[in-house]
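Presented below is the structure to which this report refers.
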Amino acid sequence: LPADAPEQVAATLKAAFGLERVDDAFEGLDLARPIASASVAQVHVCRLRAPFDAALPAGARESSGGLVAIKVQHAGVDALMRADVARAIRIAELVTRWHASFAPLLQTLVAWRGALDDELDFRAEVAHMRRAAASLARSGARARVARPASPASQFVARTAFVMEFVPGCFKLTDALR
């Protein structure tokens with residue numbers, strides 16, 4: 001999806017984090033220029049203002065130079081995705097009546113509908129990030145292979161969250177090309 005309007009991003013952040021003004025917590029936040037925008041959310045880079053910067057673990061503050069990434073859910077995407085999946089299930093149900101070979105598609109769509117709550121609730125994403133970091137740390141692979149970004153504990157909500165910005169990141173699929 002294209003990026004949301006700056007006013008909408010500000011409204012989402014204020015509601016998610018209980019802020020009166022976005023500038024109270026974030027410094028250098030350009031709401032008009034996300035670094036990425038995808039199907040569920042967009043990402044902005046900025047710094048946390050004091051005393052909010054304490055929400056980021058000390059090691060993360062040092063490694064990122066104080067930069068954070070803010071993932072903000074697109075306005076209305078929750079209802080849009082739920083409606084799209086419901087329509088797709090209805091279509092798959094009809095098609096499956098005539099062509100049983102579409103049954104796996106219907107099963108997949110029904111499973112996806114069940115996973116939408118986690119997909120659309122960024123608190124679940126942060127919980128997954130924390131579990132992945134803990135697993136990597138236990139395995140000893142974290143230092144050698146990967147270091148997931150650290151979330152800022154005070155800034156985790158259903159529709160937005162803040163995490164350490166890790167410069168130089170790339171998608172694994174890009175590295176395989």
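These numbers were taken from a predicted model, which means no experiment stands behind them.
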Sole residue of Arg123, Glu125, Glu119 in side-chain contact (heavy atoms from CB on, under 4.5 Å) with Asp121: Arg123
Pairs in or reaching into residues 103-137: which pass ring pair (Phe, Tyr, Trp, His ring centres under 6.0 Å), with residues at least two apart or in two chains? Phe122-Phe161
With sequence neighbours excluded, give me every ring pair (Phe, Tyr, Trp, His ring centres under 6.0 Å) pair touching residues 4-45. Phe17-Phe155, Phe26-Phe155
Thr159: side chain to side chain donor-acceptor pair (under 3.5 Å) partners, not counting sequence neighbours: none
Tell me, yes or no, whether the heavy-atom count around Arg33 atom CZ, taken from other residues, nucleotides or ligands under 6.0 Å, exceeds 12. no
Which residues satisfy the salt bridge (charged side-chain N to carboxylate O under 4.0 Å, His left out) test with Arg97, sequence neighbours excluded? none
Measure across [X] and [Y] and return the closest heavy-atom pair with its distance rounded to 0.1 Å.
X: Met163; Y: Ala149; result: SD-CB, 4.0 Å
X: Phe52; Y: Asp24; result: CE1-O, 3.2 Å
X: His74; Y: Ser39; result: CD2-O, 3.9 Å
X: Cys46; Y: Ile70; result: SG-CD1, 3.6 Å
X: Leu1; Y: Ser37; result: O-OG, 2.8 Å

Co-membership, hydrophobic cluster, residues [X] and [Y], 4.5 Å side-chain:
X: Leu19; Y: Val72; result: yes
X: Val43; Y: Val156; result: no
X: Leu120; Y: Val9; result: no

Would you mind reporting whether Val95 and Leu105 have side-chain heavy atoms less than 4.5 Å apart? no
Kindly indicate whether the side chain of Gln154, heavy atoms from C-beta on, has any atom under 4.5 Å from the side chain of Pro51. no
From Leu31 atom CG to Gln8 atom CD, the distance as rounded to the nearest 0.5 Å: 11.0 Å
Is it the case that the side chain of Gln42 and the backbone of Asp4 share a donor-acceptor pair, with hydrogens and angles ignored and the cut-off at 3.5 Å? yes
Do Glu27 side-chain atoms and Arg49 backbone N/O form a donor-acceptor pair below 3.5 Å? no
Scan the side chains in residues 77-91 for donor-acceptor partners under 3.5 Å anywhere in the protein, sequence neighbours excluded, and list what turns up.
unit_1	atom_1	unit_2	atom_2	d
Asp78	OD1	Arg82	NE	2.6
Asp78	OD2	Arg158	NH1	3.3
Asp78	OD2	Arg158	NH2	2.9
Arg82	NH1	Asp117	OD1	3.2
Arg82	NH2	Asp117	OD1	2.7
Asp84	OD1	Arg87	NH1	3.1

Transitive ILVMFWY cluster of Leu94 at side-chain heavy atoms under 4.5 Å: who else is in it? Trp98
